[in-house]
Amino acid sequence: MCAMTDESEQRREIGHDEYDPVGTLALITVYFLIIALLWVFMYFVEFLGNEPTVVGSFLTVVGIA
Amino acid sequence: MSNAYIDDFPAEAKVVRTAFYSSFLALALGGVFGVIQTLHRTGYYRFIDSADYYTVLTAHGVFLVISFTIFFLVGVFTWAITTSLDRGVEDLRFTWGWYGLMAIGITLSGVAILAGFTDATDISASVLFTFYAPLQAHPMFYLGLVLFVVGTWLAGVDWFRSWWAWKAENPDERIPLPTFMVLTTMLMWYIATLGVAAAILVFLLPWSLGLVESVNPLLTRTLFWFFGHPVVYFWLMPAYMMWYIMLPKVSGGKLFSDPLARVVFVLFLILSVPTGIHHQYLDPGIAEGFKFIAMTNTMFLLLPSLLTAFTVVASMEHGARQRGGEGYFGWLKALPWRDPVFTGMALAGLMFAAAGFSGMINAGMNINYLVHNTFWVVGHFHLTVGTAVALTFMAVTYWFLPQITGKALWSRSVALGQVVLWFVGMTFMSNAMHRAGLLGVPRRTAEPQYDGFEFEAAVGTMGELQAQIALGGILLTLSLVLFFANVVGTALNGRSDDLPANEYAGTLSGPEDAPLVLDNLKLWTAIAVVLVVFAYTFPLLSIIDRGGLFGPDINPFPVSLETVHLLAFALESHVTGALESVAWLGVNR
Ligand code: HEM
Ligand SMILES: [Cu+2]
C-alpha cells in the first residue's frame, strides 16, 4: 500500500508565526561553505594546472599564473 | 470508494496515464542505449561498430531529453491544472488531439534515428540531439520534431483554456499555485520554442529537403541554443513544481511560502531565454560582449534556484518539526526516509545542489574553456536532467501511479531501493565523468583513446575513472529495471478502493500574502520578450551579416559511412596543409 506519510505521523501543528527555519539556515550555510571551498579549489585546478585562458596577461604579470 | 484522481477525473486520468506510459517507453529505450554507450566508450564491452555509436548517442539524447521528460511533464501539467482548478479539460477530443500529434511526431523522429542502424533504407538522423548543421538528418526527423513541438503548443492552449474558463467563473480569486506554475512554464516555452521552430522550418527542413542549397551553421546553432537553454527549465520547472507542492506534503508539512514560489516561476519566465549564448562561449563568430551579457543573465538565473533551495528545504524542515524533529541538524532524522516518494525527491534535490557547483563552473566564461565539450559537461547534466529531473519524476511516479490507475503500488520497498540505487549509481558515474573531463577526456567520442597519448590523472588513474563510469552505468540500468518492474507490477494489480486522496501541499503563507502583480502574466511575458530582444537582436544580426542568412557556401553533409571517409580525407589534407604552412613559417622566421 502506498499511503502517503501525512497527518497520521504528525505530532504537533506548527503555524506560520511559531515556525523558525533554523535548520534550513544551518544546511544552507554548510552548502555555502562547501561551494566557497570548491571555489578556492578551482583556482588550483584552473590556474596552477593549466596555462591561463582568456584572462591573459594580468595574471601573468601579477605572477599568479 | 476513495478520492483518488481517477475517481474524480477518469477521462483525464487516462490521458495522464497514456502520457506517462509513452514517457516510460522512451526512458526504457534511452536507458538501453545509455548502458551500451557507457560500456563502449569505457572500452569494457564493444559490440556495436564505433560508427554506429553516434546513432546510439542520438537515440539516447533525443529519447531521454525530448520524449521521456516532455511526455511526463505534459501528464503532470494536465493533472496539475485539472486538480487545482477542480475541473475537467474543456474538450477531451482536443486533449487527445495534442497528445496524438506529439506521439506521431516523436515516432517519426524516432524511426528516422533508428533507421540509421540498418542499410535497408537510406534514412538516417545521427545528428545528436543538438542537430548542428552541417550534420544533416532525413527530413522525417525534423518534421517529427515540428509536430511534437506543435503538440506541446496545443497542450498549452488546452491548459490556458481551462484557466480562462475557470477565471470567468471565479473572477476574484488568485490563480491556484499549480496552475500558475503551469501557465508561466508554458509562456516561457512558447517564447523559447520560437528559436527551434525558426531553425527547423526556415532553414534545416528546407535544406534537408533540398529546397535550399546551404545554411549558415552558426545561425542555426544560435537558434538552437535560443531554445536549448530554456528547454532545461522546461524539464526543471515541473520537477520544481513537485518539490513545491508534493515534497512538503510527503514530508508532513506545508509549503513555506506561496508568494516566494510565484516569484521563482516569474523569474524563470523572464530569465530563461536570454541566456542561451552561454552554450556558445567557444563559438567563434559571436563577439565576447554578447557572451558577457549571456553570462550576466545566467548568473542572475542562479537566484530563483537558490530561492527554491531555501523554500523547499524550509518546507521539509517544517514537516520534520511537525513530526517531532529537533535541533539544527537533528530534524533531518525525523523526515520520512522510508517513503520512496520523499527519499527520491530529496536525493534528487541533493544531487541538484552538487550540480549547482558544476553549473557555476560551466557558466563562467573563462573557466568554461577548461571544461567545454569535455566529459565534465556530461557529468553535469546527468546530475541536472539525468537526476534532479529524472529521479524526481521517477519518485513522484510512485505517488501518481495509484492516482491514475486506481491500483495500489506494487512494491514500496522495491521503489525505495530503486531511488537509492539511482543515487548511488549516479554518484559513481557523474563524479568520475566530471573528473575525467578535467583531464580533457572529450564527450561524444566512441573511442576516447589516442596513439602515443595517455590521459594523466593527478589523483587516481584513468582506469579507475573508467571503472567507476561503467559501474555507475550498470547500477543505473539496474535501477531502471526495478522502476519498470514496479510500473508493470502496479498495472497488473487489481483495482483498489483504499487509495490516498488526490491532494497537494497546503501553505504556511498563502496566496493572500502574494502581491497581485505577481499574477499579471501579460506583464511578465512582455518583460521576458523585451529581454530576449535585447539579448539576441545584435548577435543574430551580426551572425547574419557575416555569414549570410543561408550561409556562404556550406554543402549538405548527410551522415553516413562514406562521409566519415570523406571527412578523414578532408581533415588529412587540411592538417597536412596546416603543417606545411607552419613549417614554412618556421623556415622564414
Ligand atoms: C541508465 C542511465 C544512463 C546512462 C548509463 C547514461 C550514460 C550516458 C553516457 C556515457 C553519455 C555520454 C556519451 C558521450 O558523450 O560519448 C550520455 C550522454 C547523454 N545522456 Fe545519459 N545516461 C543515462 C541516463 C540519462 C538520463 C536519465 C538522461 C536525461 C533525462 C540522459 C541524458 C543524456 C544526454 C542529453 C546526453 C548527451 C547526448 C549528446 O551528447 O548528444 N542520460 N549518457
Ligand atoms: Cu544552459
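- Once rounded to the nearest 0.5 Å, the distance linking CE of Met360(B) with CG of Leu38(A) reads 9.5 Å.
- Of the atoms belonging to Leu401(B), not a single heavy atom falls under 4.5 Å from chain A.
- In this structure, Phe32(A) places its CZ atom where only 12 or fewer heavy-atom neighbours from other residues, nucleotides or ligands lie under 6.0 Å away.
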### Task
List the steps, then state whether side chain to side chain contact (heavy atoms under 4.5 Å, CB included) holds for His16(A) with His318(B).
CA-CA 10 Å; His16(A) 182 263; His318(B) 180 249; over 6 Å; no
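- In this structure, Asp20(A) and Glu317(B) approach most closely via the heavy-atom pair O-OE2, 4.0 Å.
- Scanning both residues, Arg321(B) and Tyr19(A), for their nearest heavy atoms gives CD-CE1, 4.5 Å.
- Of the inter-residue distances, the one linking Thr24(A) atom OG1 with Met316(B) atom CE reads 8.0 Å to the nearest 0.5 angstrom.
- For CD of Glu512(B), the number of neighbouring non-hydrogen atoms (other residues, nucleotides, ligands) closer than 6.0 Å is greater than 12.
- In this structure, Gly23(A) and Trp331(B) approach most closely via the heavy-atom pair CA-NE1, 3.1 Å.
- Only the side chain of Glu326(B) comes within less than 4.5 Å of a heavy atom in chain A; its backbone stays farther off.
- Between Gly356(B) and Tyr31(A), the closest heavy-atom pair is CA-OH, 4.0 Å.
- Proximity to chain A (any heavy atom under 4.5 Å) is shown, for Phe357(B), by both the backbone and the side chain.
- Atoms CZ and CG, from Phe310(B) and Leu27(A) in turn, are 11.5 Å apart once rounded to the nearest 0.5 Å.
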